[in-house]
Amino acid sequence: MSRLEITAPDKAQLVIEGLYKDLERRIESSPPGLCPVDMTRAFLEMCHTHTCGKCVPCRVGLWQLKNLLTDVMNGDATMETLDLMEELSVSIMEGADCAIGYEAAHMVYKSLMGCREDYEEHVRQGRCTCQYAQPVPCVSLCPAHVDIPGYIALVGEGRYADAIRLIRKDNPFPTTCGFICEHPCEARCRRNIVDDAVNIRGLKRMAADYAGKVPPPPCAPSTGKRIAVVGGGPGGLSAAYYLQLMGHQTTVFEMLPELGGMLRYGIPNYRLPKDRLNDDINAILETGVKVEFGKRIGKDMTIQSLREEYDAVLITIGASTDKKLGIEGEHSEGVLSAVQFLRDVGKNQNPDLTGQEVAVIGGGNVSMDAVRTAKRLGAKKVSIVYRRRVADMTALPAEIEGAVAEGIEVQTLMAPSRIETDENGHVKGIYVTPQMISKIKDGRASVRPTGAPDVFIPCQTLIVAIGQDIEYQHFEEAGVPVQRGKILTEKYGGFDNIPGVFAGGDCASGPASVIKAIAAAKVVAANIDEYLGYHHIISCDVEIPEARLDDRPPCGRVNMTEREACERVCDFNGVENCMSEAEAKQEASRCLRCDHFGYGIFKGGRETLW
């Protein structure tokens, strides 16, 4: 007999591992709006199966917590029950021998503290306060609440123009978002339960590519009201589009030579071809929106002068200035802000980086745009310098992967300390302090110096991409509330002490995504319309195909392909390839039509107007 044996997982263990994967996918696709009490109880019951039974706080305490949560769910609890649950959770956290008991009790404690109103509603009314106003996960997670199942169904039937019309009801930039949207809608797609999320952005891109020119809907009769929009970025243009459809005459004031804001002057052509951006902008201008170029607020006009001339004023200036490093030498020649660098490229004023070593500080999408643009401008070596890990970068994973594929060097856990210059005051490199991962704060790992000596990274151009700010001085002087570099609006997008003035987009929320700026524009446009004494409705009469009743067997997701890295770094042509019609039809068929099945048919369903 052998003394030892090579062990292998038995059949039961393999089945359980598969169930874990199924559960992981189900949790990933859980929609917003679920009852926090019910979810907490389910998680706690699963956690209790992990206990070893050694210590009483974990073995007995978690069981008692589950019984108390069951009482809350059944309507048998009192307010004293909630106090007892809080006390018991803390007791388990303090007395459990290991992380199994502590983390389970801590989960209940966080739920009890953060969702107290839901627990109290269960006690008082025997029901939850959760509302399924829009239970379709992709729609509820889209900031602009675009009818995603609707346009996916239209793409599946080859009705591409109708898909664009439906998208424009909530988002006048369908082509642009088909290229660059961060697609938060895919995060909780219920198709995750089966295999993988539907490629929603890819289907939008496909619809835009195949639809051809789609004219905007007709405008409502003129109201005679005039509205000034300060800023011609996605937020300002979206608001102008909807206000013009409502019958108000809108004029956009833009300080740069062309419209688009950061879409034109911040996102490189290889990600968003500018002729495709112009497709969206031209459709907006077809509604009758007027534009005045070269007009800067605070210099060529003031908030006061606009208030006197127009019935309402909307501020959508975006976040167009850069944040500073605050280190020695950052004002040296050769040190550029990513905002200015990308703006110059957007104006076709390309700096010559041929043969240079370029370093870019930052880990966001703007940083990725800067390094990939520098590579295309002839830089010999391009490096990303980031003080945290790749996993902590805020850039989209696809953007990071694209940069690495194009030969970009990623130097992580390096914090800038000072900039070295030559005798002419030109940057010749940057010293960085090596960092190590430390304690987790607010769900994110912090860093601290390792104690190792600083490292020198040579570069002839240094690009700073650590964040963006707004130019708020004029607004502060005009009495517009400003806090921490942002315009402070009320929830409706206006100001209680300055009637007729509104603000939205990045200047009010801080730097965010394009779809969030569009969502803010919808809110502000509707509230400006109400302020002017109207209640116009934005709708779309496109007929949505009926949901199919056949099965949706597991099927792989169609991802967008890209041009080869060695080819695409030589030009600024688009990187991503569109789906074929066959691919789009298959991908559209994967949609589970949550607008019809599940809660979609009787709790919320489709919003046909706003």
Electrostatic pair [X]-[Y], nearest N-O below 4.0 angstrom:
X: K516; Y: D506; value: no
X: R271; Y: D369; value: yes
X: R444; Y: D442; value: no
X: E121; Y: R116; value: no
X: K585; Y: E581; value: no

Is the closest side-chain heavy-atom distance between [X] and [Y] below 4.5 Å?
X: D209; Y: M206; result: no
X: E17; Y: Q13; result: yes
X: L19; Y: L23; result: no
X: H48; Y: L62; result: yes
X: C578; Y: Y210; result: yes
X: V198; Y: L203; result: yes
X: Y160; Y: L154; result: no
X: L243; Y: M246; result: yes

### Message
Please report whether the ring centroid of Y242 lies less than 6.0 Å from that of H536.
### Response
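Centroid separation for H536 and Y242: 6.0 Å or greater.
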
With a 3.5 Å distance limit and no angle check, can you tell me whether [X] reaches the backbone of [Y] through a side-chain donor-acceptor pair?
X: E399; Y: L396; answer: no
X: D595; Y: P149; answer: no
X: N269; Y: K274; answer: yes
X: D38; Y: C35; answer: no
X: R264; Y: L259; answer: yes
X: K204; Y: P174; answer: no
X: R593; Y: C591; answer: no
X: S111; Y: V108; answer: no
X: E406; Y: V569; answer: no
X: R568; Y: E562; answer: no

### Task
Evaluate salt bridge (Lys or Arg N to Asp or Glu O under 4.0 Å) for D571 paired with R563, printing each intermediate quantity in order.
CA-CA 11 Å; D571 56 47; R563 295 166 59 207; 2.9 Å; yes

### Trace of the side chain to side chain donor-acceptor pair (under 3.5 Å) decision for R557 with N559
CA-CA 6 Å; R557 169 185 163 115; N559 285 319; 2.7 Å; yes

### Message
Run R41 and T70 through side chain to side chain donor-acceptor pair (under 3.5 Å) and show every step you take.
### Response
CA-CA 7 Å; R41 182 188 176 281; T70 302; 2.8 Å; yes

At what distance, to the nearest 0.5 angstrom, does [atom1] of [X] lie from [atom2] of [Y]?
X: N67; Y: N74; atom1: CG; atom2: CG; answer: 10.5 Å
X: W610; Y: S539; atom1: CH2; atom2: OG; answer: 10.5 Å
X: R201; Y: I515; atom1: CZ; atom2: CD1; answer: 12.5 Å
X: R190; Y: E28; atom1: CZ; atom2: CD; answer: 14.0 Å
X: T223; Y: D529; atom1: OG1; atom2: CG; answer: 8.0 Å
X: S238; Y: D170; atom1: OG; atom2: CG; answer: 11.0 Å

Has [X] got more than 12 heavy atoms of other residues, nucleotides or ligands less than 6.0 Å from its [atom1]?
X: R552; atom1: CZ; result: yes
X: E564; atom1: CD; result: no
X: D10; atom1: CG; result: yes
X: E543; atom1: CD; result: no

Restricting to non-hydrogen atoms, name the atom on [X] and the atom on [Y] that form the minimum distance, rounded to 0.1 Å.
X: M107; Y: T40; answer: CE-O, 4.1 Å
X: C142; Y: V146; answer: SG-N, 3.6 Å
X: M579; Y: E583; answer: CA-OE1, 3.5 Å
X: C594; Y: V136; answer: O-CG2, 3.6 Å
X: Y241; Y: P172; answer: CD2-CB, 3.6 Å
X: I200; Y: C138; answer: CD1-CB, 4.1 Å

### Worked check of salt bridge (Lys or Arg N to Asp or Glu O under 4.0 Å) between K213 and E286
CA-CA 12 Å; K213 180 178 172 60; E286 281 182 33; 2.4 Å; yes

### Query
Given E186 and N192, is the side chain to side chain donor-acceptor pair (under 3.5 Å) satisfied, shown in steps?
CA-CA 9 Å; E186 294 181 20; N192 277 312; over 6 Å; no

### Lys/Arg cation over aromatic F179: R205, 6.0 Å, 45° cone
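So R205 does make the cation-pi contact.
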
### salt bridge (Lys or Arg N to Asp or Glu O under 4.0 Å) assessment of D196 paired with R191
CA-CA 6 Å; D196 201 355; R191 185 73 198 202; over 6 Å; no

### Task
Kindly assign one of parallel, tilted or perpendicular to the pair Y492 and F502, based on the angle between their ring planes and the thresholds 30° and 60°.
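Ring orientation, 0 to 90° scale: perpendicular.
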
#### Entry: salt bridge (Lys or Arg N to Asp or Glu O under 4.0 Å) between D195 and R590, worked out
CA-CA 10 Å; D195 37 54; R590 295 178 63 238; 2.5 Å; yes

### Message
Checking D280 against T176 for the side chain to side chain donor-acceptor pair (under 3.5 Å) test, could you report, in this order, the C-alpha distance in whole Å, the side-chain angles of both residues, the deciding distance, and whether it holds?
### Response
CA-CA 7 Å; D280 286 336; T176 299; 2.8 Å; yes

### Message
Testing the 3.5 Å rule here: is there a donor-acceptor pair between the side chains of T175 and D279?
### Response
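No, because no side-chain N or O of T175 sits under 3.5 Å from a partner of the opposite role on D279.
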
